2 protein chains.
Amino acid sequence: MTGEPQACSIARSLEIIGDRWTILILRDAFRGIRRFDELRRDLDIARPVLADRLRRLVDHGVLQKVQYQQHPPRSEYRLTPMGVELSPALVALMRWGDKYLSDGAPPTVLVHETCGNALEQGFWCPHCRQTFSPAEIASRPGPGAAVLTDELPTRGPRAHIH
Amino acid sequence: MTGEPQACSIARSLEIIGDRWTILILRDAFRGIRRFDELRRDLDIARPVLADRLRRLVDHGVLQKVQYQQHPPRSEYRLTPMGVELSPALVALMRWGDKYLSDGAPPTVLVHETCGNALEQGFWCPHCRQTFSPAEIASRPGPGAAVLTDELPTRGPRAHIH
DNA sequence: CGCCGTGGGTTCATGGAATGAACTGACTCA
DNA sequence: TGAGTCAGTTCATTCCATGAACCCACGGCG
């Protein structure tokens with residue numbers, strides 16, 4: 001996308017998946033839509049763009065092109081472990097959309113497979129053994145420390161995400 | 001962006017923030033970079049694009065334009081509660097980038113403000129009182145049920161994200 | 001055999017969006 | 001009076017997304 005390498009992990013991630021079509025392709029991969037023509041029909045995406053995005057995702061190791069039959073040769077694009085680990089990002093987007101952009105339909109429910117109860121996505125403190133909201137995140141002094149803050153600068157200096 | 005209204009929450013979210021620049025602008029807002037010229041310099045973004053993205057974000061209620069002084073009139077773009085709740089998505093992207101696209105630098109550490117310990121982001125089952133990996137998410141039967149799966153279709157039918 | 005249908009692409013002309021340089025305008029300060 | 005800063009807008013150029021058309025391997029059908 002851009003030329004120079006990015007210092008920030010978010011920026012680096014966006015080099016690969018920072019594109020509307022790319023994220024929709026990944027969403028469909030999670031939904032089980034993994035073949036070229038299925039994707040093209042479901043997303044109503046232009047063929048060259050789809051081919052380009054799939055190529056990019058394969059090149060970066062997010063998807064894997066697998067021939068699932070010969071005669072005729074047919075292949076599908078499967079999520080690699082790297083791709084599967086994008087699910088927290090997709091779930092976060094889904095939650096946000098459900099909360100703020102709902103059309104009135106019931107929100108999507110995800111459940112813990114082993115027990116069947118509805119699950120939450122959130123921040124979890126292993127020490128306190130509890131989840132908490134984004135507002136309770138703070139920086140840690142030292143290298144690599146960062147904070148996501150909604151506070152104003154005047155309320156006190158903070159470290160930053162980078 | 002597109003014309004027709006989207007049925008899927010992820011697609012609806014992407015209508016607003018499905019753009020590389022938009023996400024970088026939000027990242028900077030969390031980092032405390034909230035003024036037009038600060039953003040322009042930090043992101044090296046073209047002015048018209050920045051103006052357009054900020055306008056969109058304000059229109060959708062993600063950012064709020066606040067005049068923080070008169071004489072001379074200066075304003076900044078603050079995250080609304082709706083904007084703050086995008087942090088899980090940004091953190092997920094950061095985590096993913098840290099894990100798979102690292103340049104060797106130590107990953108960013110986020111800590112629980114009230115106790116100071118490093119926090120995790122993940123899926124949490126309030127019933128089992130434990131976190132778990134993306135692979136353990138399943139669908140729930142009924143309206144709005146969904147699943148994020150890395151499994152192959154042949155291993156069994158599933159509901160889908162929508 | 002001849003022909004149609006399907007899956008998975010590539011090529012190419014076009015339009016709309018991103019880019020960056022230049023300009024505007026309100027205000028401050030020396 | 002003039003230079004500097006912040007926050008944009010205007011405009012010409014460039015680039016990429018789009019969609020139509022085309023290609024090719026293969027299978028099925030009559």
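Letters A, B, ... mirror the listed sequences (proteins, then strands); counts begin at 1. Only a predicted model underlies this, so the values are computations on that prediction, with no experimental measurement involved. The basis for the numbers below is simple: all heavy atoms, side chains too, and nothing from hydrogens, waters or symmetry mates.
In this structure, the side chain of B/T80 engages the main chain of B/V62 through a donor-acceptor pair within 3.5 Å.
Nearer to the 5' terminus of DNA chain D, by closest-nucleotide assignment, is the contact made by A/V49 (compared with the other of A/Q70 and A/V49). Judged by closest nucleotide on DNA chain C, B/I45 is the one of B/I45 and B/P72 placed further toward the 5' end.
For DNA chain D, the span of nucleotides reached by chain B at under 4.0 Å from its heavy atoms goes, 5' to 3', from D/dT5 to D/dT10.
If you measure from atom CZ of A/R20 to atom P of C/dA18, you get 13 Å, rounded to the nearest angstrom. Taking atom CD of residue A/Q67 and atom P of nucleotide C/dG9, one finds them 10 Å apart after rounding to whole Å. Computed from coordinates, the B/L43 CG to C/dA18 C1' distance equals 15 Å when rounded to whole Å. For B/L50 and C/dA17, the CG to P distance is 18 Å, given to the nearest whole Å.
In this structure B/D103 satisfies the side chain to side chain contact (heavy atoms under 4.5 Å, CB included) test together with A/R12, B/A105, sequence neighbours excluded. For A/H127, the side-chain hydrogen bond (donor to acceptor under 3.5 Å, both in side chains) test picks out B/N117, with sequence neighbours left out. In this view, A/R41 and A/D37 satisfy the side chain to side chain contact (heavy atoms under 4.5 Å, CB included) rule, not counting sequence neighbours.
When hydrophobic residues (I, L, V, M, F, W, Y) are linked wherever their side-chain heavy atoms come within less than 4.5 Å, the members clustered with B/W124 are A/W124.
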- Item | Audit row: B/R35, B/Y68, side chain to side chain contact (heavy atoms under 4.5 Å, CB included) steps and yes/no | CA-CA 11 Å; B/R35 278 131 79 163; B/Y68 62 89; 2.7 Å; yes
- side chain to side chain contact (heavy atoms under 4.5 Å, CB included) assessment of B/L57 paired with B/T22: CA-CA 8 Å; B/L57 287 170; B/T22 301; 3.7 Å; yes
Tabulate protein N/O versus nucleotide N/O from nucleotides 4-8 of chain C, keeping only pairs under 3.5 Å, one per line.
residue, atom, partner, partner atom, Å
C/dG7, O4', A/R74, NE, 3.2
C/dG7, O4', A/R74, NH2, 2.9
C/dG7, O3', A/R74, NE, 3.4
C/dG8, OP1, A/S75, O, 3.0
C/dG8, OP2, A/D37, N, 3.4

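Distances shown here put a side-chain N or O of B/W21 below 4.0 Å from the OP1 or OP2 atom of C/dT19.
A salt bridge is defined here as a Lys NZ or Arg NE, NH1 or NH2 lying under 4.0 Å from an Asp or Glu carboxylate O, and A/E15 with B/R20 meets this definition.
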